[in-house]
Amino acid sequence: MIPPSEPRDNPPSDDDDDESRRRARSTALTVPAAGGAGGEPSSGSAGRKPRGRPPGSKNKPKPPVVITRESEAAMHPMVLELAAGFDVLECVTAFARRRRMGISILSGSGVVVNVPLRHPTTNPPVITLHGRYDILSLSGTILPQPSAAAQATFSISLAGTQGHVIGGTVAGPLKAAGTVVLVAASFANPEFYHLPLAVAAAEDEEAAAVAKEEEVKPGGVEAGMLAYGIPGGPRPLTGPLPHPDMVFWAQPSSRAPHPPSPRY
């Protein structure tokens with residue numbers, strides 16, 4: 001007995017073939033775009049450089065500037081306090097010599113007694129103010145190396161008990177009647193110059209000589225130029241020549257002048 005044959009599938013129709021071709025075509029078009037967006041970069045965006053700073057980047061911190069050594073020419077402020085009964089200027093001078101440095105007194109305050117002042121217009125030139133006086137101002141400089149050309153001089157202004165103010169140059173011991181406080185600045189190794197500078201004087205002389213040479217010279221033929229053909233031989237010209245003695249280096253030509261060039 002022959003078994004019944006199994007049912008066969010329906011053969012593919014033309015509509016099914018068109019649908020499968022349409023799906024294959026759409027898949028082929030979408031695969032390169034997906035690969036360029038997710039995996040490898042596309043050829044158009046491979047050569048472009050991203051703009052701006054990368055995310056997470058910061059400026060590198062700069063190391064701090066640390067000065068480990070002070071300059072020898074720097075000035076250092078200081079406050080000097082002196083007890084009563086001592087000579088103010090003598091104590092400051094001894095302190096500067098012991099430390100081997102210069103001190104420039106900027107201001108002072110306190111009470112002094114019996115102050116000698118120098119006034120060239122008075123007779124005698126040195127007068128002594130007896131009694132107690134308040135210091136209004138005190139200034140002066142002590143150099144590190146003693147120099148005869150730069151002696152330490154101090155100027156002071158004082159206020160008396162009756163309200164009068166007097167000042168001048170200290171000409172003797174300045175004794176403190178109470179606590180005296182001075183504000184000063186110290187320095188070391190100053191540079192000394194003798195003015196006027198010799199180089200500057202030489203430059204001034206050279207500039208004056210150049211300016212003198214550039215002055216307007218007399219009119220006519222330039223001075224210092226030798227002229228020939230004048231009776232007595234060649235001699236330098238120091239001014240304009242008169243008309244009969246005028247010398248021509250080249251005689252005028254007797255030939256007719258060249259015709260002008262034609263215009264095109």
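Sequential numbering from 1 along the given sequence is applied to the chain's residues. Here the structure is a predicted model, which is why all the values come from computation and not from measurement.
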* Structure fact -> d(Ile135 CD1, Leu174 CG) to nearest 0.5 Å is 5.5 Å

* Asked: Taking ILVMFWY side chains as joined if any heavy atoms are under 4.5 angstrom apart, and letting links pass through other members, which residues group with Val181?
  -> Val79

* Asked: Rounded to the nearest 0.5 Å, what separation is found between the CE atom of Met78 and the CZ atom of Arg99?
  -> 7.0 Å

* State, to 0.1 Å, how close Ala177 and Arg132 come at their nearest heavy-atom pair, and which atoms those are. => CB-NH1, 3.7 Å

* **Side-chain hydrophobic cluster, 4.5 Å single linkage: members besides Val126** => none

* CD1 on Ile142 to CZ on Phe187, rounded to 0.5 Å -> 9.0 Å

* To do: Quick one: closest heavy-atom pair of Pro190 and Pro144, and the distance?
  => CD-CG, 3.7 Å

* Co-membership, hydrophobic cluster, residues Leu143 and Leu80, 4.5 Å side-chain -> no

* Asked: What pairs meet the side chain to side chain donor-acceptor pair (under 3.5 Å) rule with one or both residues in residues 172-191, with sequence neighbours excluded?
  -> Glu72-Asn189, Glu191-Tyr193

* Asked: For Val165, what are the other residues in its hydrophobic cluster, where any two members join if their side-chain heavy atoms are less than 4.5 angstrom apart?
  -> Leu136

* What pair of heavy atoms forms the shortest contact from Met75 to Ala185, and how long is it? -> CE-CB, 3.6 Å

* Might you point out which heavy atoms bring Gly160 and Tyr133 nearest each other, and give the distance in Å? => CA-CD2, 3.6 Å

* **Point-to-point distance, once rounded to the nearest 0.5 Å, from CG of Leu158 to CG of Leu129** => 6.5 Å

* Show which residues join Val65 in its hydrophobic cluster (side-chain heavy-atom contacts under 4.5 Å, direct or indirect), or state none. => none

Taking only distance into account, with no hydrogens and no angle test, what donor-acceptor pairs under 3.5 Å do side-chain atoms of residues 102-117 form with protein atoms, sequence neighbours excluded?
from	atom 1	to	atom 2	distance (Å)
Ser104	OG	Thr141	OG1	3.4
Asn114	OD1	Gly131	N	3.2

* **Summary of side chain to side chain donor-acceptor pair (under 3.5 Å) pairs that have at least one residue in residues 77-96, sequence neighbours excluded** => none

* Structure fact -> Residues pairing under side chain to side chain donor-acceptor pair (under 3.5 Å) where one sits in residues 152-166, two or more places apart or in two chains, turn out to be Ser137-Ser157

